[in-house]
Q: 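Supplied in structure tokens, the structure appears directly below.
Because only heavy atoms are used, hydrogens play no part in the values below, and waters and symmetry mates are left out as well, while side chains stay in. Source: prediction; values computed, not measured. Chain letters run A, B, ... following the sequence lines, proteins first and then strands; every chain starts at 1.
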Amino acid sequence: MDEKYFAKKIEQRWQKKWAESGAFEVEIGGDKPKFYQLEMLPYPSGNLHMGHVRNYSAGDALAWYKRLKGFNVLHPIGWDSFGQPAEDAAVKRGVNPREWTEANITSMQGQLQRLGLSYDWRRQMYAHRPEYYKFDQWFFLKMYEMGLAYKKTTQVNWCSHDQATLSNEQASGGMCWRCGNPVTKKELEQWFLRTTAYTGQLLDDMKLIEDGWPQNVLKRQSDWIGRSEGAYVDFDVMASGEQLFVCPIVDGLTSMVGKDRGRVRVFTTRIDTIYGANSIVLAAEHPLIQANLDNFSSEVAEKIAYIRAENAKPADHEVEIEKDGIDTGLKAINPFSGEELPVWVGNYVMMEYGTGAVMSVPGHDERDYEFAKKFGLTIKRVIVSTESSDSTDLQDAPDSAFSEYGVLVNSGEWSGKTSEGAKREMTAYAATNGFGEGAITYRLRDWGISRQRFWGSPIPIIYCDKCGTVPEKYENLPVRLPENAAITGTGESPLAKVPEFYETTCPKCDSPARRETDTMDTFVDSSWYFFRYTDAGNSEMPFDPAIAKYWTPVDQYIGGDDHAVMHLIYARFWTKVMRDLELVAFDEPFRRLLTQGMVVGETFFDDASGKRAYAVPDDVNVERDAKGRITSAATKDGKQLRHAIERMSKSKGNGVDPDEMVEIYGADAARLFVMFAAPIENELVWNEAGIEGAVRFLQRVWRLVYKWRDVDAGPAAASASSGPARALRRKTHQTIKRVGDSFESLQFNTPVAALMELANVIGDFEITPDAASAEDRLAVREALLSLVLMLTPFAPHTAEELYSVLIDNEDGIVANDARFPEYSAELARPDEIEIAVQVNGKLRGRVMASPDADNAELERLAFADEKVREYTDGKDVVKVVVVPKRLVNIVVKG
RNA sequence: GCCGAGGUGGCGAAAUUGGCAGACGCACUAGACUUAGGAUCUAGCGCCGCGAGGCGUGCAGGUUCGAUUCCUGUCCUCGGCACCA
């Protein structure tokens with residue numbers, strides 16, 4: 001053993017010991033309570049970035065903490081190894097996606113190992129290997145049987161940059177989740193998973209996890225699910241004059257009521273304003289509109305086609321979309337008032353939400369108001385008023401809609417009622433009279449999972465001329481990806497060009513048939529991978545329910561909040577499906593969720609010479625303002641550079657290579673620093689300056705241990721000592737409390753600070769080892785053992801090494817199954833505490849007092865203080881406020 | 001536009017939830033030890049002031065003996081959503 005701190009040497013030694021002893025390999029059972037610690041699995045891009053280091057360091061710290069607390073901790077890692085980058089690499093460099101992926105995984109496994117993360121490596125899952133994706137397919141077949149997987153032709157989100165389909169969640173904000181480019185629409189036949197079958201549960205079950213999940217993620221999920229309560233109202237629709245008219249029958253949207261009469265259903269949350277409707281407005285894609293295109297004038301038909309085309313274009317949020325529309329000439333009847341209303345097509349009505357049809361009430365809805373104004377339509381009477389006054393004609397006056405609740409006027413028999421009451425009663429009235437009903441709509445849609453991609457799980461479906469769509473048999477799973485396929489990146493399914501793949505026979509009738517050539521969205525893999533870890537080798541089932549029952553649900557999940565409405569919704573949905581399949585017996589997969597902030601870096605671009613980014617500004621001159629923000633940047637030869645703060649990654653060129661950090665400073669220092677630098681949920685602007693401090697701290701602890709290593713405690717003089725020994729023990733126990741509390745509340749920066757304080761106090765302990773009394777020795781030894789044990793979650797190699805030095809044994813913390821130090825409230829209790837003395841709220845003195853001193857005693861001490869007297873003598877004492885154990889505030893006058 | 005979170009030293013941040021603002025660390029300054037130090041140690045480090053002292057948690061008010069913490073208004077920053085009827 002060396003007396004100098006060489007990170008590399010001890011890191012290699014302990015990593016080897018852990019691997020050889022299977023230190024983090026766990027099984028079900030035993031006396032210890034279980035704890036499932038999980039971090040979001042990485043995509044094998046080839047390189048770890050600092051965001052990974054932050055995520056996995058935090059998870060590892062918790063895993064260690066729980067182990068030290070006596071838990072049986074499952075801490076696994078795996079690979080989200082299907083997906084587009086592998087295909088991009090194939091297109092760009094002609095490499096085989098499988099080989100590229102496997103090589104990346106190998107290199108990243110090495111990086112994770114060098115960080116010394118405490119995984120049960122045996123349990124790794126690899127999404128791209130048949131042993132895993134077999135069960136993607138297994139689940140698909142189950143969902144097909146349950147009616148949860150179905151195929152339909154629809155407008156899907158299309159990213160023309162990536163040449164790929166996207167689910168609604170992946171196109172959130174109108175931008176592609178991968179590349180950030182605007183999304184267009186494309187009509188395709190796609191497989192969907194019926195997430196909407198679980199809408200209510202996805203919303204309601206948030207109650208079960210609201211204490212363990214960040215507010216902001218819950219909020220985003222509930223916004224995404226988008227519950228909205230209102231009513232359906234059916235308007236009779238007919239042609240006007242000689243116009244021909246057909247009414248298609250589409251369940252829930254349209255129906256026939258007579259030879260020349262149809263009905264169209266609108267959704268509204270404000271049925272109370274129905275007397276103010278001046279028209280009904282339909283989406284251009286609405287079946288009623290599409291069915292009548294030939295019956296409309298060419299002008300109308302052209303306009304509708306135009307609107308439809310515009311709707312498919314990518315959204316630009318910088319520019320507000322101008323309202324557009326046209327009067328179709330059709331007429332509708334307001335079922336409440338009996339009025340005849342024109343039927344319009346409007347670009348602001350979306351086919352995907354509600355019924356694709358709305359009643360337009362310009363007086364009380366801002367969008368309808370804009371629409372009416374643009375086309376010079378009548379803005380009808382006031383329907384909702386703040387007083388129950390008589391009607392006012394809105395036509396001249398208004399410059400905006402009044403969209404609040406109030407009292408109804410001009411509303412027939414409902415005049416005089418409140419909006420709330422009228423909504424209830426009018427909905428009931430519509431229902432009894434057969435032209436409507438109460439309705440709840442959601443924004444959440446089904447999950448489109450078909451991808452015209454090679455590198456994903458094949459969808460296990462076969463198309464037979466005789467039998468139609470036929471699911472593959474379970475015994476034929478996995479449907480394997482071929483070794484090779486021409487990958488062009490042009491958006492067609494590569495598998496459709498591989499006859500050896502798609503040529504098959506029908507599982508039902510044995511005649512020649514064709515396989516589905518689309519593959520599944522990669523988010524399928526990550527929707528259930530954390531169950532696979534519990535039983536990673538199972539070849540018959542995704543996992544054995546009995547084993548999963550022991551480990552799941554996940555106790556603590558850590559990852560970025562960029563997955564708030566993608567992965568986390570899908571995983572919750574999948575869990576509910578698994579529950580209905582009786583594979584699991586709970587509703588929610590993740591008890592607690594911690595969202596860690598991004599690690600970002602400063603990036604510099606030279607727009608003139610292309611897109612080169614400068615990573616470390618060695619060759620960049622940077623000017624900063626008082627807050628340290630960059631005001632300008634230029635190359636050494638004076639070329640101006642554009643600068644930005646961006647998520648760190650190798651591809652952006654601003655990445656700090658974790659391997660390099662480990663090489664220079666050591667894994668422990670890198671991990672410790674990342675944990676200490678900022679609260680875990682904050683964004684971390686990467687700045688390497690601070691890491692030296694982490695190294696210094698580890699070296700300080702190292703020197704302290706070696707300084708005292710030969711002093712054993714001797715006969716345990718556990719009785720309360722006085723003086724420095726007692727003070728040290730007090731600090732030790734206060735630190736134990738602070739560090740434990742911090743872990744429980746998922747804080748990682750403050751416990752490091754607490755450990756630094758403790759190390760500082762040990763360093764200030766002035767007795768030399770030779771002169772130390774038995775009490776001194778006990779105090780120092782306890783302090784050092786506690787410090788080292790509590791350091792384990794942040795710097796496990798150093799902790800293991802120093803622990804073995806302290807106990808003078810080759811084995812360390814793991815081998816001895818050591819425990820987090822025991823906290824003693826008695827030892828943490830101070831003999832004396834400092835009481836602040838204020839006069840009129842301003843600090844004027846400090847006095848020492850016993851923690852048990854009563855208020856009268858504290859008051860007496862306060863008045864006895866010389867400094868305080870200067871401010872109180874000769875003045876009237878109006879009031880004295882005493883806060884036990886904290887302060888005395890004397891209020892004086894004059 | 002709507003919703004949410006947040007503004008504390010030169011920087012990252014603490015603050016027992018209404019009770020000594022700035023713990024811990026980075027950077028910086030001075031000194032010690034050194035052939036040397038980018039090692040280590042000592043001291044200093046919110047602002048103004050020689051000092052006593054005064055001021056200070058985005059800004060303006062309010063509640064309170066006492067406010068970074070609660071309330072009202074306002075400004076700014078970041079994030080989410082984007083015609084959801």
Q: Looking at G4(B), I'd like to know if its phosphate oxygens (OP1 or OP2) sit under 4.0 Å from a side-chain N or O belonging to Lys219(A).
A: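 No.
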Q: Going by purine N1 to pyrimidine N3 plus the second Watson-Crick contact, or the G-U wobble pair, all under 3.5 Å, which nucleotide sits opposite A30(B)?
A: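 In the structure as shown, A30(B) has U42(B) as its Watson-Crick or wobble partner.
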Q: Between Phe676(A) and Phe748(A), is the ring centre distance below 6.0 Å?
A: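 Not under 6.0 Å, so no.
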Q: State the pairing partner of C65(B); accept Watson-Crick or G-U wobble contacts with both distances under 3.5 Å, and report none otherwise.
A: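 G19(B) is the nucleotide pairing with C65(B).
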Q: Side chain of Phe267(A) only, heavy atoms from C-beta on: which candidate in A85(B), C81(B), C83(B) is closest?
A: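 Taking heavy atoms from C-beta onward, the closest nucleotide is A85(B).
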Q: Does A85(B) have OP1 or OP2 under 4.0 Å away from a side-chain N or O of Tyr353(A)?
A: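 Checking Tyr353(A) against A85(B): at least one side-chain N or O falls below 4.0 Å of OP1 or OP2.
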Q: Any idea how His733(A) and Tyr823(A) line up, ring-wise: parallel (<30°), tilted (30 to 60°), or perpendicular (>60°)?
A: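 Taking Tyr823(A) first and then His733(A), their aromatic rings sit tilted (interplane angle of 30° to 60°).
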Q: Tell me which of Val565(A) and Ala677(A) sits closer to the 5' end of RNA chain B, going by the nucleotide each one is nearest to.
A: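 Between the two, 5'-proximity favours Ala677(A).
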Q: Heavy atoms under 4.0 Å, any strand shown: does Val349(A) hit a base, just sugar-phosphate, or nothing?
A: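 Base: the residue Val349(A), judged by heavy atoms under 4.0 Å, touches a nucleobase.
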Q: Need one value for Tyr871(A): base, sugar-phosphate or nothing, where a base atom within 4.0 Å counts as base even if backbone is also close, heavy atoms only.
A: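 It contacts sugar-phosphate atoms only.
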Q: Ile274(A) versus Met426(A): any side-chain heavy-atom pair under 4.5 Å?
A: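 Yes, close enough: below the 4.5 Å cut-off.
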Q: Who is the Watson-Crick or G-U wobble partner of G53(B), with both distances under 3.5 Å?
A: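 Base partner found: C48(B).
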Q: Does CD in Glu866(A) sit with more than 12 non-hydrogen atoms of other residues, nucleotides or ligands closer than 6.0 Å?
A: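 Open: at most 12 neighbouring heavy atoms sit under 6.0 Å from CD of Glu866(A).
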Q: Does a nitrogen or oxygen in the side chain of Ser172(A) sit under 4.0 Å from OP1 or OP2 of G80(B)?
A: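 No.
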Q: Which nucleotide in the list G54(B), A85(B), C65(B) gets nearest to the side chain of Thr269(A)?
A: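 Comparing G54(B), A85(B), C65(B) against the side chain of Thr269(A), the answer is A85(B).
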Q: Which one, A82(B), G54(B), U40(B), comes nearest to the side chain of Arg844(A)?
A: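 Among A82(B), G54(B), U40(B), the one nearest the side chain of Arg844(A) is G54(B).
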Q: Once you apply a heavy-atom cut-off of 4.0 Å, does Lys842(A) come out as touching a base, just sugar-phosphate, or nothing?
A: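 Touches sugar-phosphate only.
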Q: Show me the donor-acceptor pairs, under 3.5 Å and distance only, between side chains in residues 685-701 of chain A and residues at least two apart or in other chains.
A:
residue: Asn687(A); atom: OD1; partner: Ala689(A); partner atom: N; Å: 3.0
residue: Arg700(A); atom: NE; partner: Asn760(A); partner atom: OD1; Å: 3.4
residue: Arg700(A); atom: NH2; partner: Asn760(A); partner atom: OD1; Å: 3.2

Q: Using the C1' atom as the point on both nucleotides, what is the distance between G53(B) and G58(B), in whole Å?
A: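 One C1' to the other, the span is 27 Å.
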Q: Any chance you could list the contact pattern along nucleotides 15-34 of chain B? Use B for base contacts, S for sugar-phosphate-only contacts and - for none, protein heavy atoms under 4.0 Å, 5' to 3'.
A: -B--BB--BBSSS-------
Q: What contact category does Lys374(A) fall into here, base, sugar-phosphate, or nothing, at under 4.0 angstrom with non-hydrogen atoms?
A: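 The answer is nothing, as Lys374(A) stays clear of every strand by at least 4.0 Å.
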